[in-house]
Structure formats: structure tokens, C-alpha cells
Protein chains: 4
Amino acid sequence: MDPDERRQAILVAARRVFAAQGYHRTGIADIVGEVGIARGTFYRYFESKRSVFQEILEEMMTEVVSVVQPIDVLAPIPPQVLANLDRLVRAITAEDVCRVLFGEALGIDGEADEALRAFYGGALARIEAALRTGQALGVVRPGGVGLQARCLLGMLKEPVVQATLDRQELDTEQLVAEILQLLRHGILEPG
Amino acid sequence: MDPDERRQAILVAARRVFAAQGYHRTGIADIVGEVGIARGTFYRYFESKRSVFQEILEEMMTEVVSVVQPIDVLAPIPPQVLANLDRLVRAITAEDVCRVLFGEALGIDGEADEALRAFYGGALARIEAALRTGQALGVVRPGGVGLQARCLLGMLKEPVVQATLDRQELDTEQLVAEILQLLRHGILEPG
Amino acid sequence: MDPDERRQAILVAARRVFAAQGYHRTGIADIVGEVGIARGTFYRYFESKRSVFQEILEEMMTEVVSVVQPIDVLAPIPPQVLANLDRLVRAITAEDVCRVLFGEALGIDGEADEALRAFYGGALARIEAALRTGQALGVVRPGGVGLQARCLLGMLKEPVVQATLDRQELDTEQLVAEILQLLRHGILEPG
Amino acid sequence: MDPDERRQAILVAARRVFAAQGYHRTGIADIVGEVGIARGTFYRYFESKRSVFQEILEEMMTEVVSVVQPIDVLAPIPPQVLANLDRLVRAITAEDVCRVLFGEALGIDGEADEALRAFYGGALARIEAALRTGQALGVVRPGGVGLQARCLLGMLKEPVVQATLDRQELDTEQLVAEILQLLRHGILEPG
DNA sequence: CATGAATGAGCTTTCATTCAT
DNA sequence: TATGAATGAAAGCTCATTCAT
């Protein structure tokens, strides 16, 4: 079997078990059992349990980040934002992404925390930049973009996390609609 | 030393260590070292490592839940909501609460997961009820309260989580102000 | 409470629990719980768990040994032997004696083994002496008294041990009758 | 090293240590030290300390039971019985069998007790059956076979147990001869 | 390169004993 | 003297990692 394929197979299997059982409840035995290789073979492709996890983590981060397309300011903006939101929700709704990235990753160790920090840092920076651009264009209310971005991130993440926790299906379109509504008008009636 | 005090001391120490190192990287040795007692003493007060954690978890949940006061519909509502928001943010901003409740608790085992589910379930139910009341009173826009509640929860939680991750101070008042602003008007300018 | 009484109470309770649960499955907690005293009090009366057990062991040995009356060679011998046998069987049939002395004592440690060795040594020596006397009087067949004595001990002990193992009542008189029959005629028909 | 061999090696070593020190004073460390393997290796071959012991126990029971050959009623019976007795004594004279099976096994836990009960039950049932057959053939005196069997078992077991306790050699042939003598004529002179 | 048996540090938990009150 | 909370050595067991085949 081709080394790259095998490596990939391990990655896929590990991702599946990590998502299903969590990092700590997953043993190397579970992973190699899932791929159908021997324990030793695993260590020819990865340095440690920790390191496969790191790779999966980064893979997931990349997947999530990659769906966000830069806004073309010359084209109509709302549909672009909407499409980005939609892709983003779909990306993090993937069950394993949500469970691993949002549920398991934090607290493994300093390195994972750092990776997460970087991930969120990047994401927030992009949202903040977008908001600042929006403010410059007069389509976003003025205000501290830091908190705005974090709130926005929360609106996006939390419904997905909750759906995963409750093992319920999430209607992506409805969520995006709700978020947009919130962004446009808030929740409270004027007055 | 008074048994209740000692029990409390262990609880406090364990909470500190769990918050600092996470559940899995914390050994009984760390806890008893922190309190300054012998290993055996720990087991006079708690059945297991798992059970102290559960107790801390529930303690934290209670702390968080307890700060939310029921709304008196005969008194002016906005300041009451605002006060609740403010207390809530302060409660979850406590560093250990955030780290343990939002970071570590998920994935320990089925029981902890279940406790979390119940916690979030209760919180969401309360938010949903409040939203429904608001809708009946005409102060909240109509819409699916389920998603609204989850988004609201996210706006609240995420900035706190991010601040903890980045080890940055969070300006509670500013956050509450931002959330209110968001609830009232959204982020986007009309048109 | 009178110290001697208390000491006795502990001894009695310990004997009960040791018999019920065995040495290793019995904790100091069980003993003090049974007497209704505090853990520390136990250690004012006995040096260790081990030492109460030793004392109980020796108590039981003494009980068993004491029922055997020396044979008065001037009086008719058979009824004296029979009475001794009868008392002996009754003594070791006491449930706790059988369980502790024959079941638990062996293998605790060198000291207990030594005590048992001494006990059996004394018992066997007495049986051997009796057999030798019998041989001299022409009422016991000649032969190596060592093995004879051990076989005799076995005939006595084993039915009792088995009855205890099976939690069945043992008919003492019937056993004594059977042993006598065996001693007199064996089991096999002549020829 | 061949897995079966290694498993066997552990079994042998454990048997040695259990016989030498008893179940409770034996730690996994003693066993693995004796075999020259690491702690973890032990657990690749056995589930627990308890389970090796159980296996050894059953092994010993099988060893003992297996030496008894069914009597061929068409051939001369006495030599067959004698041969069985002889093999039986040799089997239980093995130092470790005697110490573990007769000394340590009782009182470990319910499962071991049950195994012992079954072992003795089976042995007694066979002896009783033999006695009944003997009675039918007129070579065994009539009487309750239950007690007869238990006494017989005791005659066999006790001399062996005592020899082990005293760390003395036992002359198997002499013991068998003595038992036969006892079975044939008893100990007492007629009259 | 693949294997999987072997490794051993490290974990949680128990319980006989001590000792301040 | 009685107490029972505190002690801590030691136990059984797990599992990520190594390495001879």
C-alpha cells in the first residue's frame, strides 16, 4: 500500500474515532483497529497519539478556514457574506469537526491550546477586518469590532455546538437566516 | 479542622487544579498537594477523582444558574434583563468556571456529558421562555426562539471563552453593552 | 466499661467477623463496627489486626485441646475414648472454629503457621501417645503410630470441614459412630 | 518466545510464588520478577492476579482428579483401588498442590470457594459411588457412604497436609499401606 | 516496511495504623 | 481513656511507546 495513502487512511480513521470517543477515551488500539494495521505501523507514520491529533486538528482548522472566500468589494457584498456564512456553518456542522475542534481540543495540552488560540485569533482577525471594512463602507454600525467579532463567532458556533450535544439535526439555512436577521435588526423591537 | 471546612478546602483546591491543568492532567497527588493533606484523606471526603469533579461541575452550574433572577413583569423590564446579563457574564467570566465548565467538562464521560446537556438545556429553556414572553409583550421580534436562544447564548459565552483562551481581561460592562446593542439593532446599518 | 470486659467484647466480635468473612476480607472497620467502639480504641486493647487474630487462634486451639480428657487406665477405656471423640467433634464443629482454625489460619504468615504447626503437633503427639498406650495394652494393632494418628485426625476433621464448606448440619453422634466403626473394623469386608 | 510457552512460564512461576507465599502476600511484582518479564506483559496473558490464581487452582484440581482411573469391575479390584490411591497421594503430595489447594484457596472469594466446593463435591461423589458399588459387590461394609467417603478423604488428605506443614517428606507407599490396613481392619484389635 | 509482544512509568484507590484532641 | 480524622505505603492495573523479528 502506498505510504501516503496509508498515512491518509490512518488520519481518516483516527479522525473518526477521536470524533466518536474523544481524545482521552481513544487508545492507539482503537485507531489501528479501525485502519486494520498493527500498532507499530502507526508509529511509522506518526510520532505519537498526540501528533495525529494535532494534525487532525490542523486539518480541521484548515477545512474551516478554507471555506471563507475573500469578499470582492466591487461585487454586491451581502450575497458574498451570506455565502460565506453558509459555507462556514456547513463546515463546522460536520459532526466530527464540531466534536473535535470545539469539544475535545481544548485542554489537551499547551500546544493544542496554542493551535486553537491561533485558529480563533485568525478567524477573529478576519471577522474584525470585515467589520472594519463594513464600517468604512457605512454598512456596519460603528463600535468595537473586537467584541462584535466575538459575539458573531458565538452566534455561529453555539447553535452548532448545541445541536451536536443534543444529537439533533441543525437546519443550516434557517440558522444563517436567523443570524442575518440578528445582524440586521437584533432581536428586540424598537422602542 | 472542621470536616465541612476541610471538604470545602479540598473542593476549592481541586477546582483550582482542575482549572489550571484540566481533568486528565490532574492527579490526586496534585489535589492533595495543593490542600496539604495526605492521599488517604482525600478519599475520606470524596469517593473518587471523578466525583470531586462532578461536584465542582455541579457547583459551577449552580453558581451560574443562580445569578439569573426571574423577571418581574410589573417592573420595568430592560434594567432587569440588563442586570441578569451583567451577573451572568460576571459568573462565567470567573476564570475557573470558564475553563472547567466550557473547556474541560465535555468528553470526560457519559455522566459529565449528560450533566452538561442538562445544564445547557435548562439555560436554553429559560432564555427561550424569556424570549417567548418578550414576543407576547411585543418587545421581542417574532421568530423561532430555539435558534434565537442559542445565538444569544453564543454571544454571551464566546467572548468570555475567547478572553480566557487569550488570557485577556474582559470588560464585562462593555460586553453587556455590546450584546444589548446587538439585540436592539443588530450590527448592520439599515438599508 | 471494664477494660477486661471490653477486651473480651472485641475478641468476641472479631471472632465473629473473622469467621464470617475470613481474615483478609475483614477490616478493622468491621471489627470496631461490630463492637461499637472507635478505631483507635481497638488499638488500645490490641497491637494489630494480626494480633487479635493470633489471640483468637490460640483461644480456639485451647478450646479444642481442653475438651480432651486424659484417659484413666484403671477405668473402662472405650467409653472414655468415645467421650473424648464426641467432645472433640463438637468442639471443632463450632462453625467459627472450623472456619477460622481450619480454613483461614493457614497462610496468613509464618507466625500463624507456626502456631498451627504447634497445635497439630501437640494434638498428634497426644493421639500417638494414646495409640502407643493402646498398643501396649494390646487394644490397638501394632504399626507406625505417626501415620495412624494423622489418618485419625483426618477422619475427624474432614467431615467437619466438608459440612462447613457445604453449609450443612453435621450429625455429631453419627460421625462418632462411623469413626468408631472404622477404627474397629475398617470399611472393607474381610476376605 | 512462543506465546503459549510464555503463558505457561507465567503460570508456572505464579504457581511457585503462590505456593511459597500464599495468595495475599504475593504481588504481581513477585510473579513478574520470577518470570523475568515486565508488569505489563503479565496482563497480556492474564486478566488479573485473581484470574491466574483461578487458573492455577483449576489446573491443580484437574491434575488431582485426572489421576483417578475408573475401576474395571471385570478385573481384580484391589490392585486397581490401590493404584488409584497411590496416584492420588502422589498427586496431592506435590508441595504446591497441597499448599495452594488445601491451604490458600479457601477464603479468597466466593468464586474460589465455589470452585473448591465443586471439586470436593465431585471427589466425594466418586468415592461414594465406589463405596456403593463395593457394598453391592459385598466387599464394603454397609453404612452411610456420605460419612465414609468424608472420613476416607480425610485419611488421605490429612497426612499429606501435615507433612507439608512440617516440611517433612512423606512416604507415599507407607501411607497407602496404612490406609489400606485401616480400611481393611481398622485400628483397634477385635474385642 | 510491517508486526505485535514487550515494556514500565504512572495512575487511582485501599486500609492498617497513628495521634492530636 | 476514647475518639475518629489523618496518614502514606503499597497494591493492582493501564496504555502510549519501543523494538526484535
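Just so it is clear, the model here is predicted, and its values are computed rather than measured. Letters go in sequence order (proteins before strands), and every chain restarts at 1.
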Can you measure [X] atom [atom1] to [N] atom [atom2] for me and round it to whole angstrom units?
X     : N      : atom1 : atom2 : value
D:R44 : F:dG12 : CZ    : P     : 20 Å
A:F18 : F:dA16 : CZ    : C1'   : 12 Å
D:D4  : E:dG4  : CG    : C1'   : 16 Å
D:E5  : E:dA5  : CD    : C1'   : 14 Å
D:I37 : E:dT7  : CD1   : P     : 7 Å
A:R25 : F:dC15 : CZ    : C1'   : 17 Å
B:D2  : F:dA6  : CG    : C1'   : 15 Å
B:F46 : F:dA5  : CZ    : P     : 15 Å

**Message:** Once side chain to side chain contact (heavy atoms under 4.5 Å, CB included) is applied, do any residues pair with D:E47, and if so which ones, sequence neighbours excluded?
**Reply:**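 Here the qualifying residues are D:S51.
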**Asked** For atom CD of D:E95, is the number of surrounding heavy atoms from other residues, nucleotides or ligands below 6.0 Å larger than 12?
**Response** no
**Prompt:** Okay, side chain of C:K157, backbone of C:I92: is any donor-acceptor separation there less than 3.5 Å?
**Reply:** no
**Message:** Is it the case that the side chain of D:R117 and the backbone of C:L165 share a donor-acceptor pair, with hydrogens and angles ignored and the cut-off at 3.5 Å?
**Reply:**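 Present.
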**Request:** Measure up the B:F53 and B:F18 rings against each other and bin them: parallel (under 30°), tilted (30 to 60°), perpendicular (over 60°).
**Result:**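 The rings of B:F53 and B:F18 stand perpendicular, inter-plane angle above 60°.
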**Prompt:** How are the rings of B:Y120 and B:F102 set relative to one another: parallel (under 30°), tilted (30 to 60°) or perpendicular (over 60°)?
**Reply:**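 It falls in the parallel class, under 30°.
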**Prompt:** B:R15 and B:E104: salt bridge (charged side-chain N to carboxylate O under 4.0 Å, His left out), yes or no, with the steps?
**Reply:** CA-CA 12 Å; B:R15 198 169 152 157; B:E104 281 294 322; over 6 Å; no
**Phosphate contact (E:dA6 OP1 or OP2) by D:R6 side-chain N/O below 4.0 Å** = yes
**Asked** Could you write nucleotides 14-21 of chain E as a row of B, S and -, 5' to 3', where a protein heavy atom under 4.0 Å of any base atom gives B, of only sugar-phosphate atoms gives S, and otherwise -?
**Response** BBBBBB--
**Message:** Under 3.5 Å for both donor-acceptor distances, Watson-Crick or wobble: does F:dA20 have a partner, and if so which one?
**Reply:**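 Partner of F:dA20: E:dT3.
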**Asked** Base, sugar-phosphate alone, or nothing: which one does D:Y45 contact when heavy atoms must sit under 4.0 Å apart?
**Response**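 Sugar-phosphate: the residue D:Y45, judged by heavy atoms under 4.0 Å, touches backbone atoms but no base.
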